[in-house]
2 protein chains.
Amino acid sequence: MEQHRLDVFQVIADPSRRQMLHLLSKDSLTINSLAENFDMSRPAVSKHVKVLHNAGFISIQDIGRERHCILKQDGFKQLQEWLTYYNAFWGSKLKKLEALLNERSGNSIK
Amino acid sequence: MEQHRLDVFQVIADPSRRQMLHLLSKDSLTINSLAENFDMSRPAVSKHVKVLHNAGFISIQDIGRERHCILKQDGFKQLQEWLTYYNAFWGSKLKKLEALLNERSGNSIK
DNA sequence: AATTTGCGTAACTCACAGGTTACATATATA
DNA sequence: TATATATGTAACCTGTGAGTTACGCAAATT
C-alpha cells in the first residue's frame, strides 16, 4: 500500500485538492465526473481522492462500479480547532488592550 | 531573490512553521531565540521566518541587529475565510435536514 | 580598531509529493 | 460471453521545498 497519509494541513496545501473540495461542496461527484474538471489524468485525481478520504475530508459511497465522493466534516473540524486557538489569542490580545485603555490613571513612564 | 512565496495553505503545511507560530503566540522572539527551540540550523529557521512573514503570519520589528518576530493576524484571517465557507456549508446542510424533518407530510417516494 | 554577535544569502543536496503511463480488476451492457 | 465502463495500483520521472555549509555584512562590544 502507498504511504499517502498526509495530515489535514498538508491535504489543503494542494490547490487541486482545495478545488475538489469546492466542487464537492456544490454536488457529490464520482471520480470520473470529478476528473472532468481537471487538467490531469484520472489516476492523479484518484490519488487526491484517496488523500482527501484518509484525512477525513470526504466519505466515499460505492454504488456498483462507481465511487461517489461526499464532503465530510471531520477534516474541516481539525483545521477549525487549530484556528480557534489563535482566534482566542487575538481575542485575549484585544482584551488586554481594552484593559490598558481602561487604566486611565495616566501612567506615562516608558 | 528567492522564490519562497508560498500561500497561506502551504505555509501552515509545515510542522516546524506551525510550532513557530505556537511559540510566538506565547511570546515575541528573535530569530536566534526561536532557533533555540528547533533541531535545525539557524539559516533554516531564518528561511521559515521569511516565509511566515511573506504570507502575513508575522510582522518583524528590527531593533539594532535583532529581528523581533511578532504574531500577525492577516494570514490567519485568510484561512478563517476559507474555512468559513465550509462552515456555512455544514450550516445550510443542517438547515436542509431540519426542513426535511419538519416536512411531516409523509413523503416516502424516493 | 578589532572582535563578537545576530542575521541574510548563495550554492548545494536530498526526500518526496504530484504527475505520468501501463496494466489489473470488478461491474455493467450488448 | 464478449465488450465497455469505472476505478485502483505499480513503476517510474521530475520539480521543488526543506535542510545543510560557507560566506558576507551591519551593529554591538571590547
Side-chain angles (χ1 to χ4, degrees), chain A residues 1-24 27-70 75 79, chain B residues 1-24 27-70 75 79:
Chain A
M1 218 227 277
E2 294 193 41
Q3 306 284 69
H4 280 296
R5 283 212 152 261
L6 312 182
D7 62 54
V8 289
F9 299 98
Q10 291 172 299
V11 165
I12 62 158
D14 186 275
S16 301
R17 283 195 290 262
R18 287 203 302 276
Q19 192 174 348
M20 288 179 187
L21 293 176
H22 189 77
L23 288 167
L24 292 174
D27 211 347
S28 295
L29 296 168
T30 65
I31 307 282
N32 268 337
S33 50
L34 242 185
E36 285 171 9
N37 296 279
F38 293 89
D39 188 27
M40 69 174 88
S41 69
R42 188 201 42 79
V45 173
S46 188
K47 275 190 185 181
H48 283 305
V49 166
K50 194 177 185 177
V51 169
L52 288 168
H53 184 226
N54 284 337
F57 283 94
I58 62 173
S59 62
I60 296 177
Q61 195 172 349
D62 290 333
I63 301 180
R65 61 188 167 186
E66 291 182 341
R67 310 200 79 196
H68 292 259
C69 304
I70 304 125
L79 291 170
Chain B
M1 220 227 276
E2 294 192 41
Q3 305 284 69
H4 281 296
R5 283 214 152 258
L6 311 183
D7 62 54
V8 288
F9 300 98
Q10 291 172 298
V11 166
I12 61 159
D14 187 275
S16 301
R17 282 194 291 262
R18 287 202 305 275
Q19 192 176 348
M20 288 178 188
L21 292 175
H22 188 77
L23 288 167
L24 292 173
D27 211 347
S28 296
L29 297 168
T30 64
I31 307 281
N32 269 336
S33 50
L34 242 184
E36 285 171 9
N37 296 280
F38 293 89
D39 187 27
M40 70 174 88
S41 69
R42 188 200 44 79
V45 173
S46 189
K47 275 191 186 181
H48 282 305
V49 166
K50 193 177 185 178
V51 169
L52 288 168
H53 184 227
N54 285 336
F57 283 94
I58 62 174
S59 62
I60 296 178
Q61 195 172 350
D62 289 333
I63 300 181
R65 60 187 169 188
E66 291 182 343
R67 311 200 78 195
H68 292 259
C69 305
I70 304 127
L79 291 170

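Below, chain A is the first sequence line, B the second, and so on; all start at residue 1. It should be emphasised that the depicted structure is a prediction, and the values quoted were computed from it without experimental measurement.
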**OP:** Kindly state each residue pair satisfying ring pair (Phe, Tyr, Trp, His ring centres under 6.0 Å) with at least one member in residues 36-68 of chain B, sequence neighbours excluded.
**Re:** B:Phe57-B:Phe76
Subject >> Gap between atoms CD1 and P, on A:Ile60 and D:dG8 respectively (whole Å) >> reply: 7 Å
Original post:
Does A:Lys50 make a side-chain N or O approach to OP1 or OP2 of D:dT9 shorter than 4.0 Å?
Top reply: yes
**OP:** Mind calculating the distance between NE2 (B:His68) and C1' (C:dT5) to the nearest angstrom?
**Re:** 13 Å
Subject >> Any B:Arg67 side-chain N or O less than 4.0 Å from OP1/OP2 of C:dG6 >> reply: no
Original post:
Just by modelled atom types, is the A:Ser33 backbone N or O under 3.5 Å from a matching donor or acceptor in the A:Asn37 side chain?
Top reply: yes
Original post:
C:dG8, D:dG19, D:dT9: which one has an atom nearest the side-chain heavy atoms of B:Ile31?
Top reply: C:dG8
**OP:** Using atom CD of A:Glu36 as one end and atom P of D:dA6 as the other, report the distance to the nearest whole Å.
**Re:** 9 Å
Subject >> Worked check of side chain to side chain contact (heavy atoms under 4.5 Å, CB included) between B:Leu79 and B:Phe9 >> reply: CA-CA 7 Å; B:Leu79 291 170; B:Phe9 300 98; 3.8 Å; yes
**OP:** Ignoring backbone atoms, establish whether A:Asn32 has a side-chain N or O less than 4.0 Å from OP1 or OP2 of D:dT5.
**Re:** no
Subject >> hbond_proxy B:Arg65 side chain to C:dT5 base (donor-acceptor, 3.5 Å cutoff) >> reply: yes
Original post:
For the pair made of CG in A:Asp39 and C1' in C:dG19, what is the distance, rounded to whole Å?
Top reply: 11 Å
Original post:
Whole-Å distance between D:dT7 C1' and A:Ile63 CD1?
Top reply: 14 Å
Original post:
Is any side-chain N or O of A:Lys47 under 3.5 Å from a base N or O of D:dG8, one able to act as donor and the other as acceptor?
Top reply: no
Original post:
Within the structure, does a side-chain N or O atom of B:Ser41 lie under 4.0 Å from either OP1 or OP2 of D:dG19?
Top reply: no
**OP:** Please round to the nearest 0.5 Å and tell me the distance separating atom OG of A:Ser28 and atom CD1 of A:Ile60.
**Re:** 11.5 Å
Original post:
Looking at A:His48, does any N or O in its side chain come under 4.0 Å of the phosphate oxygens OP1/OP2 on C:dG19?
Top reply: yes
Original post:
Is there a side chain to side chain contact (heavy atoms under 4.5 Å, CB included) between A:Met20 and A:Val45 once you walk through the steps?
Top reply: CA-CA 9 Å; A:Met20 288 179 187; A:Val45 173; 3.9 Å; yes
**OP:** Using the side chain to side chain contact (heavy atoms under 4.5 Å, CB included) rule, take A:Asp62 and A:Arg67 through it: C-alpha gap first, then chi angles, then the decisive distance, then the call.
**Re:** CA-CA 5 Å; A:Asp62 290 333; A:Arg67 310 200 79 196; 2.9 Å; yes
**OP:** Starting from P on C:dG18, measure out to CZ on A:Phe38 and report it in whole angstrom.
**Re:** 13 Å
**OP:** Can you spot which of A:Leu6, A:Ile12, A:Val49 makes a side-chain contact (heavy atoms from CB on, under 4.5 Å) with A:Arg17?
**Re:** A:Leu6
Original post:
Contacts to DNA chain D from residues 13-21 of chain A, heavy-atom cutoff under 4.0 Å, which residues?
Top reply: none
Subject >> B:Thr30 side chain, from C-beta outward: closest of C:dC7, C:dG8, D:dG8 >> reply: C:dC7
**OP:** Tell me, with the steps shown, if A:Leu21 and A:Ile58 meet side chain to side chain contact (heavy atoms under 4.5 Å, CB included).
**Re:** CA-CA 8 Å; A:Leu21 293 176; A:Ile58 62 173; 4.2 Å; yes
Original post:
Taking CZ from A:Arg42 and P from C:dT20, how many angstroms apart are they, rounded to a whole number?
Top reply: 11 Å
**OP:** Write down the distance between CE (A:Met40) and P (D:dC13), rounded to a whole number of angstrom.
**Re:** 21 Å
**OP:** Could you please name the option among D:dG17, C:dT9, D:dG8 that lies closest to any side-chain atom of B:Leu6?
**Re:** D:dG17
